[in-house]
Amino acid sequence: MDGKNTLKKLNGTGIILSIVSVALLIFACVYYKERIIFTDTAVYAFTMADSGNFYIATNRFICILSQLLPVTGVLLGVPLKLVLYLYSLNCILLPITASFICYRFFRNRQVALAILLFYVLTSIWVFYYPVTEFQMGLCLLMVYHAYIIWYFERPRSRAFFWAVSIILLVTITFSHPLAFYTFFAWLVWLFISTPACRKKMLLILPLIVIVSHFIKERFFKTFVGEVIYDDARKEGLNNFFAPLTSYFTAPLAKASAKVFLQEYFAVLGIVILVSIFFLLKKKWLSFFFFAAVLAGFWLLVTVSFREYNYDHYTEHLYQPIPFFIALIFTQYLDDILRSNVWRWSLLSLLFIISFSKINSNRDFFTLRLQWYQNYIGLMQEKQEQNGVITPRYLAFGHDYDYWASTCESYLLSSLPGPDSSVNLIVAEQTKQANESQLADPERKTKYFWFSRRPFRMLDELASPAKLDSLHNVFR
């Protein structure tokens, strides 16, 4: 009987993992433009297509895992549209592959479910911002979680264990400044939730942490470089010295609370369900850890970035929250809901709600693509390849010179071929754009045409009324 029940559970898990994986692949294909022609991801895609090499802008080398297919496509000379498809698919193949490894090789269906749940649970923005190395690092941390449990249940080569541990931990902790804090919180949870292996891990894992941290600090930071950009925002920690009440009244606190109540109500339901389970089972330590880690990471991001709004950048910073929710919820799912019917019904409902939320948020990204297409169409109609539009016409939440517009406009306009390439820059005037252009020679590649024709203000190509009408797509 036990064998039959186990088989049923594995079959049920396999079915839901397969369905979710296929759904993720379909979404990645349908919304490939929305996912790739957007801020950092557009810069990565544009640079890969232009150079034919991996692009590691912030020294977070984990991003190579998401660039294998598009770089291969560029080297093989496939059309630009297929390169963008491959990039979108590659980004989603990482969690699918990780989930499969945990399910098939480590025999850990809970972590396999947790990985896919983590990728969709709070993703109305992050799904369209797939370049987030932080999310990739936390995905690998889930794989390592399954590997640790598998190894201590069936000890094998210690040398291989050390090699895998050091490689994974250096990669994970180097994926983002917040990844190191997440790793230590995960380590605490591992000690709390895995008593059978606690004595074995007590000395080994801290030692691995020390060794991997030494390698990261002494080797990678010397030969690879610092994890830049986010480190420069550490001054946001000074916000913790402000009065306690200010923690909850700043723009990000209000915006994130609104999003969690209106969009991520299913997440709050999971938190309540797991908390009640811990209290009923008198798992006091687990309950306090669960509450503390969720509140701690919410405060860390919310207070540090208090003046920000809730968008793709802040949502990717909040990733430790769905990470721990998915990991802990799936670990105790069989105990919380003993009935297979209730268990699979709840999981199905969670995935359906999550996918519907991701799908409903596509409107913003679809509209911004339409905004680009409107102004690109105007430039192509006037046979202008280099144009400047002032920030007053920028319709997607910025009132400054938008740094990614060159890459986004090149990618979107060049899909039919390099002859249609258009470079649209957001700025107040053409002077700086024309000066920087002098340093680059004119060239035409398989994907883009980099013209040295002077930049012109779009105000010179059409009347204010015409420009306003193109901008009105967002109204």
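Both backbone and side-chain heavy atoms feed into the values below; hydrogens, waters and symmetry mates do not. Quick caveat, the model's predicted, so the values are computed rather than measured.
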Euclidean distance, [Y] [atom2] relative to [X] [atom1], rounded to 0.5 Å:
X: Leu333; Y: Trp342; atom1: CG; atom2: CH2; result: 13.5 Å
X: Leu116; Y: Ile19; atom1: CG; atom2: CD1; result: 12.0 Å
X: Thr406; Y: Leu424; atom1: OG1; atom2: CG; result: 8.0 Å
X: Glu133; Y: Phe174; atom1: CD; atom2: CZ; result: 11.5 Å
X: Glu34; Y: Thr41; atom1: CD; atom2: OG1; result: 12.5 Å
X: Thr182; Y: Leu187; atom1: OG1; atom2: CG; result: 12.5 Å

Give a yes or no on whether the ring-centroid distance for [X] and [Y] is below 6.0 angstrom.
X: Trp186; Y: Tyr144; answer: yes
X: Phe278; Y: Tyr332; answer: yes
X: Phe290; Y: Phe324; answer: no
X: Tyr147; Y: Phe106; answer: yes

* **side chain to side chain contact (heavy atoms under 4.5 Å, CB included) partner of Arg109, the single match among Leu17, Asp334, Thr330** => Asp334
* **Criterion side chain to side chain contact (heavy atoms under 4.5 Å, CB included) against Gln319, the qualifying member of Leu178, Leu121, Val126** => Val126
Does [Y] offer a backbone N or O that forms a donor-acceptor pair with the side chain of [X] under 3.5 Å?
X: Thr314; Y: Asp311; result: yes
X: Ser409; Y: Ser405; result: yes
X: Ser360; Y: Lys357; result: yes
X: Arg306; Y: Ala253; result: no
X: Glu408; Y: Ala42; result: no
X: Ser356; Y: Ile353; result: yes
X: Asn309; Y: Pro251; result: no
X: Glu315; Y: Trp125; result: yes
X: Ser66; Y: Cys91; result: no
X: Asn108; Y: Ala146; result: no

* To do: With Arg35 as the cation and Phe127 as the aromatic partner, state whether NZ or CZ is under 6.0 Å from the six-membered ring centre and within 45° of the axis.
  => yes
* Asked: Aromatic rings Phe289 and Trp189: how do their planes relate, parallel, tilted or perpendicular, breaks at 30° and 60°?
  -> parallel
* Just say parallel, tilted or perpendicular for the rings of Phe27 and Tyr31, cut-offs at 30° and 60°. => perpendicular
Taking all atoms of both residues into account, what is the closest heavy-atom pair of [X] and [Y], and its distance?
X: Met48; Y: Val71; answer: SD-CG2, 3.6 Å
X: Cys139; Y: Leu94; answer: SG-O, 4.3 Å
X: Leu86; Y: Gly73; answer: CD1-CA, 4.0 Å

* Asked: Hey, does Phe365 have a side-chain heavy atom less than 4.5 Å from the side chain of Ile37?
  -> no
* Should His312 and Thr39 count as side-chain neighbours, where that means a heavy-atom distance under 4.5 Å? -> yes
* Determine, step by step, whether Leu93 and Leu25 satisfy the side chain to side chain contact (heavy atoms under 4.5 Å, CB included) criterion, reporting the C-alpha distance in whole Å, the side-chain angles of both residues, the deciding distance to 0.1 Å, and the verdict. => CA-CA 8 Å; Leu93 281 173; Leu25 291 171; 3.9 Å; yes
* **Ser175-Arg60 side chain donor-acceptor pair, cut-off 3.5 Å** => no
* **Test applied, side-chain hydrogen bond (donor to acceptor under 3.5 Å, both in side chains); reference residue, Ser256; option that passes from Tyr264, Trp298, Tyr310** => Trp298
